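Just so it is clear, the structure is predicted and the values come from calculations on it, not from any experiment.
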Amino acid sequence: MADISSLPLPERVDVLVVGVGFGGLAALHRLRKDHPGLQTLAIERAEGAGGVWRENDYPGAACDVPTSLYSLSFAPNPDWAHTYGRRHEIHNYLRSVAADYDDQIRYNCALTAARWDGSAQEWVVDTTNGQIRTRFLVAAPGALSEPGLPEVPGAEDFTGTMFHSAKWDHTQDLRGRKVALVGTGASAIQIVPEIVDTVGHLTVFQRTPAWVVPRLDRNIGPMERAIYKRVPGVHRLVRKMVWAYREAYVLMMARNPKLLPIAKTLALAQLRIQVRDRSLRKRLTPDYTIGCKRMLLTNKWFPALQRDNATVTGAITRLTANGAVDDQGREHEVDTVVFATGFTPTEPPIARAVTGRDGRTLAETWQGSPRAYRGVEVHGFPNLFFLYGPNTNLGHSSIVLMLEPQAYYMSKTIAEVTRAGHSTFEVTQAAQDGYNADLDPELERTVWNSGGCSSWYLDSTGRNSVMWPKFTSDFRRQMASFEAADHRFDDAIPAVTETVETTAADTDPERTLAQ
Ligand code: NAP
């Protein structure tokens with residue numbers, strides 16, 4: 001496929017997709033399938049596809065969701081080598097899916113600003129490669145690509161090397177180094193076992209211990225892969241079974257927290273078996289309800305923390321020229337600091353760059369507490385779809401199962417709007433408020449809200465603006481239809497003219513969405 005990235009951007013397209021990870025690819029697929037008549041282009045700030053799986057290339061990066069759920073329904077992958085995919089496998093998979101869309105993707109092209117032009121009824125998008133206008137804007141920036149770096153006092157005095165887990169500095173040879181690792185989240189528990197035997201000394205700065213359950217990972221051998229490839233339906237059946245078993249987690253986390261002790265028993269058993277030292281075990285035992293923060297899956301974290309060259313200490317409070325000071329005031333000599341401190345999903349940078357109908361940016365509209373209608377539409381932002389938006393994240397299953405219904409909804413909305421001859425659509429404030437008024441009580445009773453922890457699920461106002469509190473099938477059903485009554489339309493200028501052909505599959509969301 002010819003590389004079109006160096007070509008100048010067209011002046012105008014019908015649909016512009018921003019970001020080429022799972023979300024952007026799901027959008028490109030639906031648009032090509034359902035709207036071949038629309039001119040669609042995607043821009044991606046990096047030199048290749050992959051989103052979060054391109055960005056996060058730290059040692060040990062892997063997925064804690066089974067691979068059978070970690071592929072797009074239109075691009076099944078019978079070739080996964082492990083039940084839990086390694087980062088490079090997932091990245092390669094995404095690149096291979098993206099290759100089919102190369103003629104529609106401009107890489108190394110970042111959105112710098114986008115504003116709604118009310119008179120022309122289109123988005124004006126500034127990019128690092130020039131300006132482009134588009135009728136519909138599909139933002140698919142991902143939620144976990146923008147590093148959250150804490151401001152540690154004394155950082156300016158530190159003479160060593162510092163980097164974030166999602167911006168791993170591969171020029172640094174960690175052999176023999178005195179490394180400080182800050183954080184005990186999903187990234188940290190993958191990095192530590194991978195580097196502990198290489199570094200000179202590893203000091204883990206733990207602010208809050210994590211609930212850790214065993215990961216039952218295994219290789220998928222050539223015979224099994226051949227069956228998935230050649231025997232019709234088997235791979236799909238396995239996917240269905242894993243999906244059903246993962247859905248059961250919702251019962252624990254969001255419906256009936258009384259079931260959580262099952263997971264807690266498993267986590268405590270692993271801790272007891274793997275950590276014999278009582279005082280260390282106590283320090284590694286969380287005091288909040290399991291599931292409140294993301295439950296971590298690994299068998300390697302506790303053994304790694306007990307290596308002779310590893311120390312677990314309290315939260316980092318400041319840096320000195322050659323060290324890091326913990327919450328007991330002890331200084332640990334370090335020459336490298338790795339911040340595995342997570343991301344900023346409730347304050348995504350793109351929200352500061354997108355300006356809506358009334359001249360306010362998404363960030364100004366949200367004021368630190370993102371809200372949307374069905375996760376994808378925001379009042380005041382006509383003709384915009386925000387994939388992986390507010391309240392669409394999962395604690396139990398694959399985000400791919402949430403992104404494909406969003407792409408489906410985007411495509412269906414464009415179809416309905418163009419079929420009705422409208423040029424713009426916008427969700428009403430009442431519909432958006434009503435949607436969130438229904439969602440908030442559901443969130444209140446989940447373990448994420450009530451489990452006694454702080455996490456990236458809760459925004460600066462304390463609202464859970466990240467998680468979806470129901471089954472993925474509920475979300476899929478919700479995204480299967482477009483409610484005209486929840487929208488206002490503005491038809492000042494002629495609409496995009498396109499004949500929308502609806503295929504039988506399109507009318508069957510169960511068939512076309514996610515599974
Ligand atoms: P995270 O879960 O947000 O964890 C960040 C860690 O850094 C926490 O231990 C946190 O401590 C600590 N931290 C943050 N700010 C700090 C500060 N100022 N001082 C001291 N400690 C601080 O981030 P993550 O591990 O990168 O994971 C983020 C998300 O990415 C996950 O929840 C998951 O959804 C996704 N992820 C997925 C996989 C996968 O296998 N699929 C792998 C990696 C990441 P506190 O707990 O005290 O706040």
Side-chain angles (χ1 to χ4, degrees), residues 17-28 42-67 69-72 75 77 80 84-98 101 105 107-108 110-111 138-149 163-170 183 185-191 194 294 296-297 338-351 370 375 386-390 392-404 406-407 455-457 466-468:
V17 177
V18 181
V20 185
F22 271 112
L25 287 170
L28 282 172
I43 58 171
E44 163 57 55
R45 65 181 175 177
E47 78 294 344
V52 70
W53 293 104
R54 184 199 58 243
E55 295 295 312
N56 283 272
D57 67 343
Y58 56 74
C63 187
D64 58 10
V65 172
T67 37
L69 295 179
Y70 226 72
S71 52
L72 292 150
N77 182 10
W80 295 120
Y84 288 92
R86 309 308 191 245
R87 176 255 173 196
H88 69 90
E89 286 185 89
I90 302 170
H91 187 209
N92 287 343
Y93 164 76
L94 287 167
R95 286 197 299 190
S96 74
V97 176
Y101 298 89
I105 303 173
Y107 292 109
N108 295 310
L111 177 147
V138 182
L144 304 171
S145 295
E146 204 57 36
L149 264 178
F163 52 88
H164 188 274
S165 56
K167 299 275 176 209
W168 196 270
D169 186 347
H170 290 282
S187 301
I189 59 121
Q190 293 180 340
I191 295 167
E194 209 61 28
R294 190 177 178 88
L296 305 182
L297 266 67
V338 178
F339 289 100
T341 44
F343 303 89
T344 58
T346 56
E347 300 195 11
I350 197 170
F386 198 100
L387 304 193
Y388 206 164
T392 60
N393 191 55
L394 298 176
H396 71 287
S397 192
S398 167
I399 194 64
V400 185
L401 303 179
M402 299 294 279
L403 288 168
E404 283 199 70
Q406 291 169 52
S455 76
W456 59 272
Y457 304 156
V466 170
M467 301 301 277
W468 171 249

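- For the pair N393/P345, no side-chain contact is recorded, criterion being any heavy-atom separation below 4.5 Å from C-beta on.
- A pairwise comparison of heavy atoms in A340 and S165 identifies CA-OG, 3.7 Å as the closest pair.
- A distance of 14.0 Å separates CG in N92 from CZ in R86, rounded to the nearest 0.5 Å.
- Nearest heavy-atom pair across Y93 and A75 is OH-O, 2.7 Å.
- Minimum interatomic distance between A46 and Y107 (heavy atoms only, all atoms of both residues): O-CB, 3.4 Å.
- Contact of the L28 side chain with the I105 side chain is registered, since non-hydrogen atoms from C-beta on lie closer than 4.5 Å.
- No side-chain heavy atom of N56 sits under 4.5 Å from any side-chain heavy atom of W168.
- The two residues R45 and A110 have their closest heavy-atom pair at CB-CB, 3.5 Å.
- With rounding to the nearest 0.5 angstrom, the CD atom of E89 is 6.0 Å from the CH2 atom of W80.
- Summarising the geometry of L94 relative to A49, their closest heavy-atom pair is O-CB, 4.3 Å, with the distance given to 0.1 Å.
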Dump the intermediate steps for side-chain hydrogen bond (donor to acceptor under 3.5 Å, both in side chains) on D57 and H170, then the final yes or no.
CA-CA 9 Å; D57 67 343; H170 290 282; 3.0 Å; yes
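- When the side chain to side chain donor-acceptor pair (under 3.5 Å) test is applied to Q406, no partner is found at least two apart in sequence or on another chain.
- At least one side-chain heavy atom of R294 sits less than 4.5 Å from a side-chain heavy atom of Y457.
- Ion pair E44/R95 not flagged as a salt bridge, since none of the NZ, NE, NH1 or NH2 atoms sits closer than 4.0 Å to an Asp/Glu carboxylate oxygen.
- Contact detail for R87 and R54: the closest heavy-atom pair is NH2-O, 3.0 Å.
- With no hydrogens or angles considered, no side-chain donor-acceptor pair links Y84 and D64 at under 3.5 Å.
- Note that CH2 of W53 and CZ of F22 are 8.0 Å apart. Values are rounded to the nearest 0.5 Å.
- Formation of a donor-acceptor pair under 3.5 Å by the T344 side chain with backbone atoms of G148 is not found in this model.
- For the pair Y388 and P141, the minimum side-chain heavy-atom distance is 4.5 Å or more.
- Between V138 and L387, some side-chain heavy-atom pair lies under the 4.5 Å cut-off.
- The closest side-chain heavy-atom distance from L144 to W456 is below 4.5 Å.
- Contact annotation: the side chain of E146 never approaches that of F343 to less than 4.5 Å [non-hydrogen atoms, C-beta and beyond].
- Formation of a donor-acceptor pair under 3.5 Å by the H164 side chain with backbone atoms of G342 is found in this model.
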Verdict with reasoning, T346 to V466, per side-chain contact (heavy atoms from CB on, under 4.5 Å)
CA-CA 7 Å; T346 56; V466 170; 3.6 Å; yes
